[in-house]
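Okay, so here's the structure we're looking at.
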Amino acid sequence: MVAVVVVVAAAGLLRWRRPAWYWLTFGALVATVRVLFRYASVMEACGLTVPPSRWRLALARMTNRPAPESRPPRILRLRPTRTGLVLRLKLQPGQDAFDVAAATDRLRHSFGVYGVTSGELRSGVVEVRMTGYDVLQRVQMPAPAETRPMRIPVALREDGAVHYRDYRAVPHGLTLGATESGKSVYQRNLVAGLAPHHVALVGIDCKQGVELFPLARRFSALADNPDTALDLLEALVGHMEEVYQLIRAEQRISVAVPDAEIAADIWDLREDLRPVPVVVLVDEVAELALFASKEEEKRRDRIITALVRLAQLGRAAGIYLEICGQRFGSELGKGITMLRAQLTGRTAHRVNDETSANMAFGDVSPDAVLAAIQIPTDTPGVAVTGDSTGGWARIRAPHTTLREAVNICNKHADRTPDVPALAAFRPALAPLPKARVPLSKTAPATA
């Protein structure tokens with residue numbers, strides 16, 4: 001009895017103080033047994049069963065047996081993970097993946113888990129992901145399992161999976177959020193994740209550079225005011241045109257050239273000819289769009305035109321945009337909605353009104369609007385992400401301090417590429433101080 005009491009007390013303490021440890025030691029086993037034991041009755045109660053077929057009913061009558069019961073989806077695999085369970089189901093004839101998606105909240109209560117999400121893997125096969133605890137309360141990113149060019153892990157999803165920012169799949173992104181919503185921390189994670197990669201970082205920070213200039217050693221170009229930002233964006237447009245000329249020169253379209261070797265963007269070029277990809281981070285887009293005089297209006301129109309051209313044409317030239325701001329609506333002037341239409345990836349942190357959430361998801365995922373306005377104020381960093389497919393998920397980036405991001409950028413400062421078109425905007429920095437040598441009375445050992 002003493003041993004049982006000690007085990008129960010330890011499990012309760014772990015569940016309260018260390019939910020991740022509790023899940024790995026006790027929770028996964030308990031949840032697996034609960035799912036297997038309750039599966040048939042829960043599926044029937046949630047309306048996820050189908051009546052027996054006619055031939056089974058006829059066979060039961062011919063053999064004088066009881067009528068067969070309704071059939072739930074067949075379990076193909078049940079796999080515990082570090083944050084929950086993954087249940088792969090084979091749907092019965094007549095069932096649809098939307099039936100499972102509509103029943104996720106009832107499945108969460110019935111199986112006693114923290115959250116349930118579902119997604120269709122292929123026709124007739126649905127994967128149900130269950131989380132055993134609130135993985136967004138204390139974000140712990142798993143060790144990186146894969147490394148691909150221009151694909152970096154930036155946050156953790158509510159189902160325990162890693163959220164990646166894949167620039168080759170989603171070239172341009174928009175990040176919205178009110179003050180103190182975690183938008184700056186998300187941007188730091190982007191910079192820290194890109195720092196080890198072979199990529200040129202270009203920053204536009206019109207808040208006098210307080211967000212991006214501490215990370216300047218890893219940036220190939222930086223601008224801290226609208227005038228410099230205009231020159232920088234127009235230089236990027238000129239660089240894009242030069243890259244397209246290089247691609248045209250290397251296309252080599254002829255009968256003898258295989259289709260796989262015909263170049264249509266920089267990733268089709270040979271590695272020794274491929275220009276370095278460029279990621280442009282705009283910290284506060286409203287500072288580029290606001291104006292107070294005729295001269296500033298002309299500058300603003302040129303800036304927005306350059307951004308629209310980069311968003312429409314930059315992908316094949318390896319230029320990717322990350323636009324951040326508190327609001328991004330038509331009140332910022334002409335051309336803004338055209339720019340927003342090109343930003344496929346959408347991320348919204350806590351916003352102050354429904355209109356701001358509509359700016360991010362109103363044209364791609366109306367369901368995500370409701371989720372964005374429900375983010376509480378005491379959970380900075382929690383965000384809703386979606387894309388043009390209509391799917392969305394809650395994410396939270398790990399808390400990265402400015403010092404940690406600066407250390408990562410300084411560590412990979414030697415990977416900062418020199419882009420000739422952006423040389424005039426390269427930040428001028430003093431060399432890093434050498435490490436201090438501690439004074440000692442003993443001479444250092446010699447080999």
Side-chain angles (χ1 to χ4, degrees), residues 97 117-122 127 129 141-142 144-176 183 186-187 189-202 236 240 243-244 247 259-260 262-269 271 274-282 307-324 328 338-349 360-361 363-365 367-368 383-398:
T117 60
S118 68
E120 184 179 0
L121 296 181
R122 58 182 182 272
E127 186 174 81
R129 301 184 68 93
M141 298 289 287
E146 57 177 335
T147 55
R148 298 185 197 173
M150 306 303 297
R151 187 174 189 262
I152 58 171
V154 292
L156 198 65
R157 301 170 76 98
E158 63 179 342
D159 59 359
V162 177
H163 175 66
Y164 290 91
R165 180 66 177 95
D166 192 345
Y167 286 94
R168 295 187 62 180
V170 182
H172 311 303
L174 170 65
T175 303
L176 296 181
K183 186 169 74 273
Y186 180 82
Q187 190 178 61
N189 278 277
L190 278 176
V191 176
L194 288 168
H197 291 251
H198 180 61
V199 59
L201 299 180
V202 175
L236 277 170
M240 177 181 67
V243 173
Y244 277 126
I247 295 174
D259 292 344
I262 298 176
D265 56 29
I266 66 168
W267 302 105
D268 295 330
L269 298 175
E271 190 171 354
R274 183 183 304 153
V276 59
V278 179
V279 175
V280 183
L281 295 105
V282 180
L307 282 173
V308 171
R309 292 188 64 190
L310 291 173
Q312 290 180 339
L313 308 174
R315 181 204 61 81
I319 299 177
Y320 310 102
L321 299 183
E322 281 289 343
I323 308 294
C324 299
F328 199 76
M338 183 186 300
L339 175 60
R340 184 178 62 187
Q342 303 296 326
L343 306 178
T344 306
R346 308 289 178 88
T347 302
H349 293 74
F361 300 116
D363 55 343
V364 295
S365 181
D367 292 338
V384 175
T385 182
D387 53 36
S388 59
T389 63
W392 61 274
R394 280 186 191 87
I395 63 171
R396 192 176 193 180

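All heavy atoms count here, side chains included; hydrogens, waters and symmetry mates do not. Since the model is a prediction, treat every value here as computed from it, not as a measurement. When a residue number appears, it is its place in the shown sequence, counting from 1.
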With side chains defined as the heavy atoms from C-beta onward, is the minimum distance between His163 and Ile395 less than 4.5 Å? yes

Close side-chain approach of Phe328 and Leu343, heavy atoms under 4.5 Å: yes

Are Ile266 and Val243 side-chain neighbours, meaning at least one heavy-atom pair lies under 4.5 Å? yes

Straight-line distance of Arg309 CZ to Ile319 CD1, nearest 0.5 Å: 10.5 Å

Nearest heavy-atom contact between Pro171 and Ala169 is CD-O, 3.7 Å

How many angstroms lie between atom CG of Leu174 and atom OG1 of Thr344, to the nearest 0.5 angstrom? 10.5 Å

Within the 3.5 Å criterion, strictly below it, is a donor on Tyr186 or Glu322 matched to an acceptor on the partner's side chain? no

Min side-chain heavy-atom separation Met150-Trp267 under 4.5 Å: yes

Between the side chain of Asp265 and the main-chain N/O of Asp268, is any donor-acceptor distance below 3.5 Å? yes

For Leu281 and Val191, which heavy atoms make the closest approach, and how far apart are they? CD2-CG2, 4.0 Å

Heavy-atom pair with the smallest gap, counting every atom of Gly345 and Val170: N-CG1, 3.3 Å

Close side-chain approach of His349 and Thr175, heavy atoms under 4.5 Å: yes

Do the side chains of Pro277 and Tyr167 get nearer than 4.5 Å, heavy atoms only? no

Calculate, to the nearest 0.5 Å, the distance between atoms CG and CG belonging to Leu321 and Leu339 respectively. 7.0 Å

Taking all non-hydrogen atoms of both residues, which atom of Leu156 and which atom of Ala161 are closest, and how far apart? CD1-O, 3.5 Å

Residue pair Val384 / Phe361: nearest heavy atoms and the distance that separates them: O-CZ, 3.2 Å

Validate the cation-pi geometry between Arg151 and Tyr164: distance from NZ or CZ to the six-membered ring centre under 6.0 Å, angle to the ring axis within 45°. yes

Please indicate whether Met141 has more than 12 foreign heavy atoms, meaning atoms of other residues, nucleotides or ligands, lying under 6.0 Å from its CE. yes

Check whether any side-chain heavy atom of Arg165 sits under 4.5 Å from a side-chain heavy atom of Leu190, and report yes or no. yes

Spatial distance of atom CD1 (Ile323) from atom CG (Leu307) [nearest 0.5 Å]: 5.5 Å

Taking every non-hydrogen atom, the tightest pair across Met338 and Val308: SD-CG1, 3.6 Å

For Arg129, give me all partners under salt bridge (Lys or Arg N to Asp or Glu O under 4.0 Å), at least two apart in sequence or on another chain. Glu127, Asp159

Report yes if some heavy atom in the side chain of Thr347 is under 4.5 Å from a heavy atom in the side chain of Leu176; otherwise report no. no

Between Arg157 and Val162, is a side chain to side chain contact (heavy atoms under 4.5 Å, CB included) present by the stated rule, with each step listed? CA-CA 6 Å; Arg157 301 170 76 98; Val162 177; over 6 Å; no

Rounded to the nearest 0.5 Å, what's the gap from CG on Leu313 to CE on Met240? Could you check? 5.0 Å

Derivation and outcome, side chain to side chain contact (heavy atoms under 4.5 Å, CB included), residues Val278 and Val199: CA-CA 6 Å; Val278 179; Val199 59; 6.0 Å; no

At what distance, to the nearest 0.5 angstrom, does CD of Gln187 lie from SG of Cys324? 4.5 Å

Sequence-distant partners of Arg274, side chain to side chain donor-acceptor pair (under 3.5 Å), two or more places apart: none

